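As structure tokens, the structure follows; a few thoughts come after it.
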Amino acid sequence: MKLYSIHRHFPAHLCKVYKRNLSITVVVMAMTYLPTAAQYEVAVPQNVFNRKKTSLNGDWNYFVDRYEAFYYDFVRVPFDSSSLGKRDFAALDGKAKNKTERYEYSFEGSEKIRVPGDWNSQAKELLYYEGSIWYRKGFDLKEIRQNQKLLLHFGAANYRADVYVNGEKAGVHIGGFTPFAFDISTLVKAGENSLVVRVDNKRAKEAVPTDVTDWWNYGGITRDVSLLEFPKVFIQDYHVQLNPEKSDELYGYVELSESYSGPVYLRSKDLKVTITLDFKNQKKVFFNKKLTRSFIRWSPQQPKLYDFELSVSEDKVSDKIGLRTITTKGNQLLLNGKPLFLRGICAHEENPIRGGRNTSKEDALQLFKWAKDLNANYMRLAHYPHNEYMPRIADSLGILLWEEIPVYWTIDWTNDATYQNAEKQLTDMIARDRNRSSVIVWSLANETPNTDERLVFLKKIAAKTKSLDSTRLLSAALFKQNLGNSAYTISDPFAQYSDIVSFNQYLGWYEGTPDVLAKASFSLSEKKPVIVSEFGAGAKYGFRADNLTRWSEDYQNYLYQETLGFLDRIPNLVGFSPWILADFRSPRRQLPNIQDGWNRKGLVSQEGKYKQAFYTLQEYYKAKKDTYEGH
Ligand code: GCU
């Protein structure tokens, strides 16, 4: 390859390096987006939420790295592996010590940004920013305790996070909506420590989600960051729930951080139960225990949570868990063996009033307040795992949840790295929320094309889901098929792998106007429960007109009235979740003075105001509530 101008600028030895690097570059670039074996990434312990921890939330220094100049050397080899010399990340903390020293970057004196939080809503110039941003946070450790593990935990960071502690690479995490952790015990020191994180939210075809979605690609460290200390042997994971087959039996397992011999206790004072698991050089032990006393089964009208405490030698963890079974029987959906109707609503993890990602308990409570006002007992958390406040609060409020991984629209179905990525996000979602009684459905995909490659992908991930958790139901938001004459059905082959057949339908919005709904009918050959996982129409709050004027509240309301009539005629319907609770940001929505970068299908406006259709659905759900024994 002819080396033009470079000679003038670089001594010979660098050119040799350049040639060599060029060949390396090609390989490395190809690998960059593949999850690397992160050196210190560890399985996230169960229930970090309730564990003692040191928060690293707050204002962090940051700078924008639009050209990736601090990640790649000039021939695009990541500094982590560049023979041109490792980027001294600790240096990012430094500043010129004398007048001649050359520094072209430093956190010293740089802007500050709030963590947790997306960057897009924190600085006007970052609203549309997609790329890398470097974060730095110092933290003090009084002492380094021997035999203690120190884990650095992130609730989530979108999309790829490269993490450095005191200049050393702790690891990489890919996936913007699930927790991850690194064991940094050997990277820290007593006194001041430096945590540097590069977050890159660039979209990519082979990523999960892929590069085309209908939501805002908020970037940043979007959830809590904390330090947790663990003794050598600690409670790594557990599952405590009622056995779906024998609903007066408690069953599950306890897994420790390493093999152990001795007793592990599972106690519940208010359930008056103690289970002693005798570990014999084992890491994981299963249990089942018949509950002899009566107890309250968790449900929307009685969201009773029992206190549980798990302990082993030096470690103890407490949790609040609701005991319930969720099953199907033919076309019925049964909660604790009783028919259930899901009065639902879809929601994105966004605070429309602030126009940013939800990060706090208050943000979550806001969404639940609106849902409760709707008389809803169920929410579809779209289209990715939301923060942990959602299932935790839903447990205490008695709201049932559908959780989903962002296998959305077109995914790189035959790319094994894409599959591994999706499966990891699923595994991490289930691991985090496996003890949440509110979570009843794992959804594996939304509106994906009916191709063979896709079916192979979804069948595989469905089998993985069942192997990870057989106590919940599996579904995916499918497309309906038009049989002609306004008759519809589901003939998608993935329906046979779903416990609940769910589909999105936009009759009256993407298909015709609301009057088409009166003659629409739906039938299903499968004897399974059916959920309509989306329907809706866009409306600009305050725009009133006749009910055939698009974007008016009246059109949206008319569509709701007509759709509710259509839904009442669907056999096996066990619930639905209209699209969507609140208006949300989307780069795909650019109609001036109506959308302006927002999807307006919310029942609640950007300002938090209720649209006409909100009251129509509120009324309908009130009536439904009274018929279903208050479930
Ligand atoms: C789709 C999709 C949503 C999208 C909605 C819409 O069905 O699942 O993510 O926002 O339709 O078009 O508004």
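Quick caveat: nothing in here was measured; it's all calculated off a predicted structure. All ligand and atom numbering here is 1-based and tracks the order in the structure. Numbering of residues begins at 1 and proceeds along the displayed sequence.
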Please write down residue, atom name and distance for the protein heavy atom closest to [atom].
{"atom": "atom 13 (O) of ligand 1", "value": "K601 NZ, 2.7 Å"}
{"atom": "atom 4 (C) of ligand 1", "value": "D214 OD2, 3.2 Å"}
{"atom": "atom 7 (O) of ligand 1", "value": "E447 OE2, 2.4 Å"}

Subject >> Proximity of W215 to ligand 1 by residue part, where a heavy atom lies under 4.0 Å >> reply: neither
Subject >> ligand 1-proximal atoms of N599, by part, heavy-atom distance under 4.0 Å >> reply: side chain
Subject >> R550 NZ/CZ over W509 ring centroid, <6.0 Å and within 45° of normal >> reply: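 The answer is yes; both the distance and angle limits are met.
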Original post:
Is the cationic atom of K624 (NZ for Lys, CZ for Arg) positioned less than 6.0 Å from the six-membered ring centroid of F341 and within 45 degrees of its normal?
Top reply: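 The answer is yes, since K624 meets both limits relative to F341.
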**OP:** Have a look at W442 and tell me which of I461, I405, D433 forms a side-chain contact (heavy atoms from CB on, under 4.5 Å) with it.
**Re:**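 Single pass found, and it is D433.
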Subject >> L400 CG to R343 CZ distance, which is reported to the nearest 0.5 Å >> reply: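 If I round to the nearest 0.5 Å, the distance is 9.0 Å.
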Which ligand 1 atoms are under 4.0 Å away from a heavy-atom of [X]?
{"X": "N446", "value": "2 (C), 8 (O)"}
{"X": "Y510", "value": "6 (C), 12 (O), 13 (O)"}
{"X": "R589", "value": "6 (C), 12 (O), 13 (O)"}
{"X": "H383", "value": "3 (C), 8 (O), 9 (O)"}

Original post:
When you look at E403 and R472, which way does the salt bridge (charged side-chain N to carboxylate O under 4.0 Å, His left out) test go after all the steps?
Top reply: CA-CA 11 Å; E403 292 198 345; R472 290 183 177 82; over 6 Å; no
**OP:** Compute the centroid of each ring, for W119 and then for Y129, and state whether the two points are separated by less than 6.0 Å.
**Re:**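 Yes.
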Original post:
Quick one: does F584 get a heavy atom under 4.0 Å from ligand 1?
Top reply: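 Yes; F584 lies near enough to ligand 1 that a heavy-atom distance drops under 4.0 Å.
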Original post:
What do the steps show when you test H348 against H383 for ring-ring contact (aromatic ring centres under 6.0 Å, His included), and what is the final call?
Top reply: CA-CA 7 Å; H348 264 300; H383 292 290; 5.6 Å; yes
Original post:
Are more than 12 heavy atoms from other residues, nucleotides or ligands located less than 6.0 Å from atom CG of D568?
Top reply: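 Atom CG in D568 is crowded, with more than 12 foreign heavy atoms closer than 6.0 Å.
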**OP:** Would you mind finding which of Q505, R600, E534 brings a heavy atom closest to atom 1 (C) of ligand 1?
**Re:** E534
